[in-house]
Each structure stands twice: as structure tokens, then as C-alpha cells.
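Working notes, beginning with the structure itself.
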Amino acid sequence: MAIKTYAMAIKDVLAEEMRRDKNVFVMGEDIAEQGGIFGCTRGLLAEFGPERVRNTPISENAFVGTGVGAACAGLRPVVELMYMDFAYLAMDQLLNQAAKIRYMFGGKAKVPLVIRGQQGIGRGNAGQHSQSVESLFMHIPGMKVACPSTPADAAGLLRTAIRDDNPVMFFEHKALYATKGEVPDDTEFMVPFGKANIVKAGTDVTIVCSLLYVNRTMEAVGELESEGISCEVIDPRTLVPLDMDTIVASVKKTGRLVTVHEAHRTMGFGTEIAASVTEQAFSYLDAPPERLGAKMCTLPFNLGLENAVVPQKDEIKAAVKRTLYR
Amino acid sequence: MATKVIMPKQGLQMTEGTIISWLVKEGGKAVKDEPLFEMETDKLTITMDAPESGTLLKIVRGEGETVPITETIAIVGEPGEDISKLLDAAPHQEKAQQPVVQEMAAEVKTPPAERTAGGRVFISPRAKALAQEKSVDYAGIAGSGTDGMIVEKDVRACLKSGAKATPLAKKVAAINDVALEDVKGTGAHQKIVRADILGAMTARKKDARGETLVPFAGMRKVIAGRMVESLHTAAQTTHQISVDMTEAGQIREAYKKAGKKVSYNDIIAHVVCRALRDYPMMNAELAEEGIRIKDYVNLGIAVALDNGLIVPVINDADLMSVEEIGMVTKELAEKAKAGKLKPDEYKGGTFTISNLGMFGLDSFVAIINRPESGILAVGKITQTPVATDSNEVVIRPMMVLTLTYDHRVVDGAPAAQFLARVKQYLEQPYLLF
């Protein structure tokens, strides 16, 4: 085990996978000499050279498309988007091409492509650079969606993503890059897709959260526990595939569900989870599921306002108490 | 004239009783001093007789109800009598019939009346499932959820309030630490009665008695495999002989006086080595190419471990003095118990001794430790009356040796001679010199 930051864990796995498999290469804006704006590709150019560490023009549709083509041709591209918000520019390549090629060619073509990059609040980057867009990619079949909340999960999920033969949207969070945690040294360490992590076991209420909101939820949970409310906190880690078994089993135990994410509340992944729980565990529910997400408002530039749009600690506590009628 | 039947006081401590069943139906004939109803107190279940003869005009308190002593529970009289005055005398009783609702009402945020407007009871799916599982009539429970919806905690509170158990059941439950909410009532109106608590306790005991699964792996599996293989392969036959250990005891004493410690085990091991040299067929192995007779003795000594057994081997034991055998045995046994034996310290044996005398066994039969051809089972030394050659009865320290041998390799006579030789050496140790 080594203590690493979230960003360092990502950089190390990229390097390890590039050493392991010469077909793995990285591509994106300012990722070579500059090492990416958050340092996730720093040092790769020196070790692997410009053929495998490729700077691109500001042209997401073009270089994501290049990644799709390279993947079809047998390489394993890891394409960095400087902001995941910019995925909108490449939606046709992502959802009409990458997600569908394997299906449309009857399995004869595969697309081992990873699109990774950061998103979310924390730097006052305003409406076009602070969104949480992971839920968008759950709606179209053919795309896997990973959302690591810790350095270890970032490392284990990224390695699984690179070795997956299907396209993976890999959502990092800008406010998590500096967080530290233990990461196994094993260069074969993988976190399987579709296996939720029970961050904390509890008996009274199930809280499902991801990315930055695992940390934020745990702050609220600390205060709730001191009031005698025992919370079970679950991080699904991948949204596609989604580990509903773990979530449903937890709700059957606790009888209450709260979903918390930074993505907008309307049609956020918490909505999907709440609906599935209602279907699969209706007679175990003691209260309607509570969904927390960003308000339906463009993320503001002002940091104070930015924070006001996303769920607050007190809102999490209040939602938990509503499910317990307290 | 009509007479009230009251909840009788049965014993000094009794404050209330539960009606289990009415043995006479309303309108039926009650006969003085004959059974009228069954009740349960905090101590017992009894049948109560009617205080007067007549018609049971009215049952005031039904089955399953818990009633304070002296309160009216029924009225006996002539058909057509006006009993309204007797009923009026206890107007508060009607209210007390639903203690649960009364108790809970204090906490209700929204009055139940409003909640059930339109006749529908709102209850969360989880609370409903729990109420059904515990046979709770939830219609009477006040809800604390949104708009007075009944939620899980309301049902749990109702279960906890314990209004649905007889006093005796409550008492038995308290003494035996049984949670009432986990017990299903079989009495009238699903009331929990003493028998239910006893049933729950029996179930609990059964749960506690279960079975433990020990993994069949490692040493256990090795032992199992070797024992079955031995019994399947060798033609195992046994001989038994009694040995007078008087002289062996003398040897021990002599060593003790010289400040050296030698055990009976060491003496037996030493003697067995010498006897094996005299009868080498007992020190042989049946191999594919033939019977391999060994002119060296690697003596195995069975050692019991916490989780099995192992047989450390004293190599070239026939070349050792009894003291040496003692030292090596001790060292190997300690290593065995600590799990530190090396493979060459428990392999390559030519004959084995197993001693269970310390557990008080007079004698026992051991299974051959393959590929060896013999194993000697040693019992305890017992002070025994023995008839001497001169027909005198004397007390002697006697010990039984049981030899298991492989009849494929050794026949009965040579095996008997070997065992007799061991006996001879133990009884007349000077023959060793």
C-alpha cells in the first residue's frame, strides 16, 4: 500500500497500463508537455514518447472520433477531456458511434475506449465547466459509466476500464484530485464494475451517493450518528453496470432510501435508483425515497452561489430525518 | 335477581387477570360451582366456577381481555331481567377495552379520525408487512408518519407496549428474557399466552443447540486418508499380552536415584527396539518388489495434538541407550506439539508405539501406520492381584500390550513370539545384557 492522491493514482495506473500493453495510448488537450491541467498525465511523454502521448487541437468531436477509430482498429485509447462538460461537443461520436458499433456490427467490432476527465464544482468554473453529466450517459445503452470517489477506486476502476473491451466514460472529480488515500501497489489491482462499495454499514437508512458526495455525505452521517441515527452509506462506483442487488438488500434491511448526488436532481441517477428500489423493495419501504441533487439551475460562477445550488449537509440530514419521521 | 360475575382475586399479588375463554356462551346455562370461564393470572391458568346458577345474560369482558380484579366480567340471572343498572355500574370499562389506542393517542400528531376519513387506513408498506407478520391489528394504531400514516416505529411501539400478552405470559417472558414482540400470540385475539413464551424458549434452545461445521481439510484429511488406506490395505490382526512391570519400575527407580529421569515409555521403546532386532519380520515393509526387511529401527512414537495426531520418528532408535531415547522422544514431542516437526522427523518409520495409558485405558487396538507392518498399543499400569507359580496371590503392577500386525507379512506365531519377547525383556531386563 502507498498513500497517493487521487490524481497520482490515475497517473500511475496510466503509466503501468502503458508499460503492460503497447496498444494503450493517451490523447487529449495539453496532456503531453503540460501533463494535463490536473497533472494526470504528467511524466508520460518522457517515458512513452509523442506517438503514445498525443496532444490534440481544441476539437473534441475530432479527437474523440479518432479515439473511436483507433479503438476499432485494435488500439486501446485513453482520451482525456479537459472538462467532461466538453463531451457535449462529441456526443455523436460517443453515443451514436462508440456506444453502438459493437452492437451494429454483430460483435465483430469492439471499441475498447476510455474517455476520462474531471467534472463538478469546487473551483467556481461556472455553467459550462462545473456540471455533473454522468447521468446523461446512463440513458443510452452501450456505454459503461465509472465514478470513483477515492484514490484506490480511481486506480482500480481505471485499470478495469482500460482492460474492458467496451467504451467507458470515466468521471473524475476536480475537487477530489488532491484527496489522499491508500492505494494497493499491485499492478493487477482492479475494482470490478457493477460492485458497489458499502462505505459504512448501518441499520436505519440507506444513503446512496457517489464522487464528491461520498465525502460530503459522510460529514452529515457523522452528525446523524451522534443523534442516534445509524446510516448505511453505499457508493455504487459504477453507474453502468449498476449494483442494484447491494442497494436493494440494504433498503430491505433499513426500510429507507436517500440518494445524494451533485448532478441535477431531475433525472439524475438517484431517480433511477429510487424507482428501481420502489419496484424491487416496495413492501420493505417505510417512507418514500428521498432524492437529493443539484437544483435545476445553471451552476453559478460565484463560489458561494455554486455551493448553494448543490445539496448541503443540512439538506442531507433533513432528508434522512424525513424518512425516519423525526 | 341478577348477579355480577367479577374478576376474582386469586392470590395476594394479583391485580388483574386475562380471560382465556368463556366455557358457557352468552344465553347459555351457568351452574353454580361448575366451570364458567378460564383465566390466566400472573401465576397460573385456572378454570373458574360460576358463583350462582342461572342464564349467562351478558358477557361484559370478552376472551383475551385483561381485567383488573373485582371488575364485572359477566352477569348471571333470569332471562328477561333488566341488567342495565348492573352494566351502568361499570361504565368506564368500555373505554378501557382498547388500552393501546388510548396510550398511543397521546402522541398522535394527526387524530386517527381524520386519517381514516373515508375508511382507509394509511400505513407504510414496511409497517404493514410487520403488522401482518406479528398479527397486529393495525387499524387501531395511531400513525406518526406524514398525514398520520402508520410507519414501522408505530407498529414496533404497539408491539412493545405489550398490551397483547397475558400477565402470566409477560411475567414468564420477563423472567426468561424473551422479547414479547418476537413472539406470535395464539390466545384469543392473538394474545400471547404462557404457552407461546414457552414455545419461543424451546425454539431458542433449539437454535442455540445447532451443529458446528469443522472443515475437513489439512491434517484431519491426511489422517482420515491414511487410516482408511491402512485398514483397506493391510490384513490387520491383533495379539494381546499382560506384562508385569515390577522390574521396569525398578529400573526407573535406579535411574531416579542416579539423578536421571527415564519413563516407562522410554523403557518400553528401548525394549521394543531390541525385540525388533530379534524378530526382524516385525520390522518390515511390504513393497511391490517384495517384503523389505530392515536391519535398522526407526521408531515412531504417536503424539496427540490439539487437532489431530502425528508420529515423530526416532531414527536408529535401536542404537540408542534408554536415556538417549528419552531425550530424543521429549524433544520430538515438544516440536510436534509446537507444529515445528520437519518432514524427515515424521517420515521413514519402521515400527510405531502408541501409548494411551495416561488416559486410563487398560488396553486398546491401534491401526498400523503404513507402510510399517506393526504397531504396539500400550495401556496403563494397574496394581492387579496376580497368582504366582506357587499359587500365592500377590499385587503386581500389570500392563497390557496390544500388537496390531500385518498378517500379509507376519504370521500369528512369529508375531506372538515377538510380543512375548517384549514381555520377557520388560519382566527380566537383565536379559538385555
Side-chain angles (χ1 to χ4, degrees), chain A residues 201-208 224-232 234 244-259 265 270-271 273-292 314-326, chain B residues 100-118 120-161 164 177 179-182 184 190 207:
Chain A
T203 55
D204 294 338
V205 58
T206 301
I207 309 177
V208 181
L224 287 165
E225 296 269 330
S226 66
E227 295 177 37
I229 298 173
S230 167
C231 305
E232 181 145 303
I234 296 179
M244 278 310 299
D245 289 351
T246 296
I247 295 168
V248 166
S250 173
V251 174
K252 282 183 176 175
K253 179 175 71 172
T254 64
R256 292 144 201 113
L257 172 71
V258 176
T259 62
R265 181 174 179 274
T271 302
I273 290 171
S276 296
V277 162
T278 309
E279 281 171 353
Q280 296 175 41
F282 179 71
S283 55
Y284 293 86
L285 284 173
D286 199 38
E290 287 278 344
R291 295 175 295 139
L292 295 179
D314 285 347
E315 290 173 344
I316 299 173
K317 287 168 65 181
V320 165
K321 287 182 180 176
R322 278 197 298 277
T323 67
L324 287 155
Y325 306 101
R326 285 173 57 155
Chain B
V100 183
V101 178
Q102 293 299 313
E103 206 174 291
M104 295 301 301
E107 294 177 29
V108 176
K109 288 174 189 165
T110 316
E114 189 180 311
R115 173 168 56 84
T116 55
R120 192 172 158 194
V121 176
F122 288 93
I123 179 167
S124 85
R126 189 178 188 84
K128 192 172 186 175
L130 180 66
Q132 281 167 350
E133 183 197 327
K134 305 286 186 191
S135 303
V136 173
D137 177 12
Y138 58 81
I141 301 176
S144 63
T146 315
D147 297 331
M149 181 170 73
I150 301 163
V151 297
E152 184 186 4
K153 66 179 168 187
D154 303 325
V155 178
R156 293 220 179 267
C158 174
L159 286 167
K160 239 188 198 138
S161 74
K164 296 255 173 191
D177 201 20
L180 283 174
E181 52 264 46
D182 296 336
K184 194 168 181 171
Q190 282 86 43
D207 286 350

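Naming convention: chains lettered A, B, ... in sequence-line order (proteins, then strands); numbering from 1 in each chain.
Shortest non-hydrogen contact noted between Pro125(B) and Phe282(A) is CB-O, 3.1 Å. In terms of heavy-atom proximity, Lys153(B) sits nearest to Tyr325(A) at NZ-O, 3.1 Å.
For the side chain to side chain contact (heavy atoms under 4.5 Å, CB included) with Asp286(A), the lone residue among Asp154(B), Leu130(B), Val151(B), Val155(B) that qualifies is Val151(B).
Atom NZ of Lys128(B) sits in a sparse spot, with 12 or fewer heavy atoms from other residues, nucleotides or ligands closer than 6.0 Å.
To the nearest 0.5 angstrom, Glu152(B) atom CD is 9.5 Å from Leu324(A) atom CG. For the atom pair OH (Tyr284(A)) and OG (Ser124(B)), the distance works out to 13.5 Å, reported to the nearest 0.5 Å.
Side-chain atoms of Arg126(B) do not come within 3.5 Å of backbone N or O of Leu285(A) as any donor-acceptor pair.
Only the side chain of Ala129(B) comes within contact range of chain A, with heavy atoms under 4.5 Å apart.
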